[in-house]
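First the structure, in the form of C-alpha cells, and then the observations on it.
Each ligand, and each atom within it, is numbered from 1 in the order the structure gives. Values below: every heavy atom of this structure, side chains too, minus hydrogens, waters and symmetry copies.
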Amino acid sequence: MRTPPARRTCAALAAVTCLALAATACGGTTKEDVRNENRSATTGGKADPDAELRKGLTVAFLPKQVNNPYFTVAGKGGEKALGELGSRYKETGPSSATDTSGQVSYVNTLTQQQVDAMAVSAQDPGALCTALKQAMRNGIEVVTYDSDTRPECRNAFVSQASAEDLGRTQVRLLAEQIGHKGEIAILSAAQTATNQNTWIGYMKDELRKPAYRDMRLVEIAYGNDDAQQSFQQTQGLLQEHPDLKGIISPTTVGIKAAAQYLSGSRHKGKVKLTGLGTPNDLRRYVKDGTVEAFELWDPAKLGELAARTAVALASGQITGKEGETFRAGALGEYTIGEDGVIVLGKPAVFDAGNIDDYDF
Ligand code: RAM
C-alpha cells in the first residue's frame with residue numbers, strides 16, 4: 001500500500017534529518033559508515049574492477065511514472081538482473097509524470113528505508129537534487145536511468161543511447177517521410193522532462209542544417225505522458241496547423257496516442273508520425289499505414305543495465321568516474337564516459353519490414 005505523498009514527505013524528512021545528524025553531529029555508526037568501511041577495506045576508496053559483486057542488496061527503481069508500460073518493461077529487466085545477482089528489486093513512484101514534488105518525497109522515503117541503491121528516471125533535472133544528494137550522503141548509490149538529473153546529483157547516468165543521435169535521427173526519419181518539406185510539430189511528454197528536452201534541443205539543432213531549409217517547426221506540444229492529454233494535443237496541433245505535414249513524438253505514451261488519433265482521422269497516412277515508441281504499441285498502426293518508421297531501444301535492457309550499474313557501484317567495482325569499466329552480465333563490458341554517463345547502445349528503427357521480429 002502506498003503512503004500518500006504529503007504524509008510520506010514529513011516522515012521521510014524527519015528520518016533523513018536524523019540520518020544526516022547521526023552521520024555528522026552524533027558520531028554514531030551509521031549503515032553508511034559500515035558500507036564505506038567495507039568498501040574501503042577492499043578497494044581503498046577507489047574503483048576495484050576485480051571486487052566481488054555484493055549480494056543481498058536492495059535496489060529500488062523510481063521511474064518517472066509507475067503506470068507507464070515502458071517503465072514496467074524497464075523494471076522487469078531490472079528485477080530479472082537483480083534476481084540473478086542475488087539482490088532484491090523494489091519499485092515505487094508517482095503515477096503522474098508531472099508530480100515532481102511527489103517524486104522528491106519518494107526519494108526521501110527510500111533514503112529513510114536505507115535501500116542500498118536507487119535507480120531514478122528524473123521528471124526534472126534539478127528538482128530532485130537536494131534529496132538525491134542527501135541519499136548519497138547516507139551511503140546510497142544513486143543511478144539515474146532514462147532521464148537524468150545534474151551530474152553532481154547522482155553517481156552515474158545509464159543513458160538509453162546517445163542523446164544527440166536520438167534527437168538527430170528522429171528529424172531524419174521524419175524528413176525522409178515528408179520529402180524534406182513542410183510544417184512539422186513535436187508532441188513531447190512533460191515540459192520539464194530532462195530526456196525529452198535534451199532530444200528536442202538536438203532536433204532543433206539538426207533542423208538548422210541546410211538539408212531541412214524547407215521544413216519548419218511550428219509548435220511543441222506537451223501531452224505529459226498522459227494518453228488522453230496526448231490525444232487531445234494531437235487533435236489541437238492538426239486544428240491549429242492545417243498544413244502540418246508531420247509530427248515527432250519522442251515519448252512512448254505520446255506517439256501511441258497520436259497514432260491512435262491519426263488512424264481514426266482523415267489525416268491518416270497523410271500527416272506523418274515518427275518518434276520513440278514500442279513495437280507492441282505501434283504494430284497495428286504500422287500495419288494500417290498510419291506510421292511508417294520509428295525508433296526505440298529495448299527498455300528491459302535499459303532496466304537491466306541500471307540494476308547492474310547500481311550493484312557494481314555498491315560493490316566498489318566502479319565509483320562513477322570517466323574511464324572506469326565493468327561487466328554488465330550478458331549485456332557485455334561498459335566504460336563510463338564523460339560526466340558519469342554509461343550508454344546502453346544504439347536504438348533500433350522499426351518499420352513494416354522488421355516490426356514482427358520484436359516483442360516489447
Ligand atoms: C516515455 C517516457 C520515457 C521516455 C520514453 C521514450 O515512456 O517519457 O522517459 O524515455 O517515453
Let me see the working for Leu344 and Tyr334 under side chain to side chain contact (heavy atoms under 4.5 Å, CB included), right down to the final yes or no.
-> CA-CA 8 Å; Leu344 176 66; Tyr334 282 86; 3.8 Å; yes
Query raised in the report: Could you walk me through whether Asn280 and Asp359 pass the side-chain hydrogen bond (donor to acceptor under 3.5 Å, both in side chains) check?
Result: CA-CA 6 Å; Asn280 288 354; Asp359 184 16; 3.0 Å; yes
Between ligand 1 and the protein, which N/O pairs are shorter than 3.5 Å?
| from | atom 1 | to | atom 2 | distance (Å) |
| --- | --- | --- | --- | --- |
| ligand 1 | 7 (O) | Asn68 | ND2 | 3.0 |
| ligand 1 | 7 (O) | Thr252 | OG1 | 2.6 |
| ligand 1 | 8 (O) | Lys64 | NZ | 3.2 |
| ligand 1 | 8 (O) | Gln196 | NE2 | 3.0 |
| ligand 1 | 8 (O) | Asp225 | OD2 | 2.6 |
| ligand 1 | 9 (O) | Lys64 | NZ | 2.8 |
| ligand 1 | 9 (O) | Asp146 | OD1 | 3.4 |
| ligand 1 | 9 (O) | Asp146 | OD2 | 2.6 |
| ligand 1 | 9 (O) | Asn195 | ND2 | 2.9 |
| ligand 1 | 10 (O) | Asp146 | OD1 | 2.5 |
| ligand 1 | 10 (O) | Asn195 | ND2 | 3.3 |
| ligand 1 | 11 (O) | Thr252 | N | 2.9 |
| ligand 1 | 11 (O) | Thr252 | OG1 | 3.4 |

With no hydrogens and no angle check, is any side-chain donor or acceptor of Thr144 less than 3.5 Å from a backbone partner on Ser147? no
(request) Kindly say whether Gln191 contributes a backbone atom to a donor-acceptor pair with the side chain of Asn197 at under 3.5 angstrom? (result) yes
Contacts satisfying side chain to side chain donor-acceptor pair (under 3.5 Å) that involve residues 160-179 (not counting sequence neighbours) are Asp146-Gln160, Glu164-Arg168, Asp165-Lys346, Arg168-Asp205, Arg168-Glu206, Thr169-Glu295, Arg172-Glu206
Report task. Answer yes or no: does atom NZ of Lys76 have more than 12 heavy-atom neighbours from other residues, nucleotides or ligands under 6.0 Å? Result -> no
